[in-house]
Amino acid sequence: MTIFYTKKAVLSRQERNEKMVTARVEKGSFDCNVQPVSDKDWITGGSMLTTKKLYTDYQDLKPWDRLEIQGVVYIVDSVQDWNGLRRKYKKAFINESKGN
């Protein structure tokens, strides 16, 4: 499976100390591909409208990361490791953020 990365995501993550969240810190950007989900992804109902699939070679992607892609803010819901024929990549389900 060949994946063409046609979008750029800007990643930010909440930094924490031992007691609380201290700040949201930008961690850089990476190339990605964003696709719509379908019922084959086990996502149904209204959440199909706000959930997307993201593919990337970027390896430090975690649930609850905030991504900005083409002016839209998404929150990473889940991340899966995949092995292609020639490379490792990540597949993540991302949800459009209501509150940014």
Side-chain angles (χ1 to χ4, degrees):
M1 174 172 159
T2 301
I3 300 171
F4 296 104
Y5 298 135
T6 58
K7 298 185 178 11
K8 184 154 303 270
V10 177
L11 168 70
S12 60
R13 183 174 290 151
Q14 299 242 349
E15 296 291 322
R16 294 170 163 67
N17 63 22
E18 55 278 346
K19 295 183 181 181
M20 61 182 209
V21 172
T22 56
R24 182 169 292 281
V25 178
E26 189 171 309
K27 296 290 188 176
S29 62
F30 58 88
D31 294 327
C32 63
N33 184 297
V34 178
Q35 298 292 321
V37 295
S38 71
D39 55 355
K40 293 178 183 175
D41 294 308
W42 298 93
I43 297 172
T44 59
S47 61
M48 284 184 73
L49 301 175
T50 59
T51 302
K52 306 275 189 228
K53 291 183 283 192
L54 176 136
Y55 297 93
T56 184
D57 289 340
Y58 183 75
Q59 295 296 306
D60 187 29
L61 192 61
K62 299 176 182 176
W64 297 103
D65 282 348
R66 179 183 184 272
L67 304 175
E68 186 172 338
I69 304 167
Q70 292 185 319
V72 179
V73 175
Y74 296 92
I75 304 299
V76 177
D77 181 53
S78 63
V79 181
Q80 302 169 352
D81 293 320
W82 287 78
N83 288 314
L85 292 174
R86 298 182 184 217
R87 66 180 185 213
K88 292 182 178 185
Y89 63 94
K90 299 280 186 181
K91 175 184 175 183
F93 288 98
I94 57 176
N95 295 313
E96 193 171 331
S97 175
K98 306 275 191 278
N100 293 340

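Both backbone and side-chain heavy atoms feed into the values below; hydrogens, waters and symmetry mates do not. The first residue of the sequence shown is numbered 1, and numbering continues consecutively from there.
Here the OG1 atom belonging to T51 is positioned 9.5 Å from the CD atom belonging to E96, to the nearest 0.5 angstrom. The NZ atom of K53 lies 6.5 Å from the CD atom of Q35; values are rounded to the nearest 0.5 Å. The distance from atom CG of D60 to atom NZ of K27, rounded to the nearest 0.5 Å, is 7.5 Å.
Side chains of R13 and K62 form a contact here, defined as non-hydrogen atoms less than 4.5 Å apart. Under the 4.5 Å side-chain criterion, counting only non-hydrogen atoms from C-beta, K90 is not in contact with Q80. Annotation: side chain of Q59 is not in contact with side chain of L61 (no heavy-atom distance under 4.5 Å).
Ring geometry, Y89 versus Y55: the interplanar angle falls from 30° to 60°, so the pair is classed tilted.
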Enumerate donor-acceptor pairs with a distance under 3.5 Å from any side-chain N or O in residues 67-74 to protein atoms, sequence neighbours excluded.
none

Which atom pairs, donor and acceptor, lie under 3.5 Å between side-chain atoms of residues 3-12 and protein residues at least two apart or in another chain?
unit_1, atom_1, unit_2, atom_2, d
Y5, OH, D57, N, 3.3
Y5, OH, D57, OD1, 2.9
K8, NZ, D31, OD1, 2.9

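Among the candidates I75, D77, V76, the single residue satisfying the side-chain contact (heavy atoms from CB on, under 4.5 Å) test with W64 is I75.
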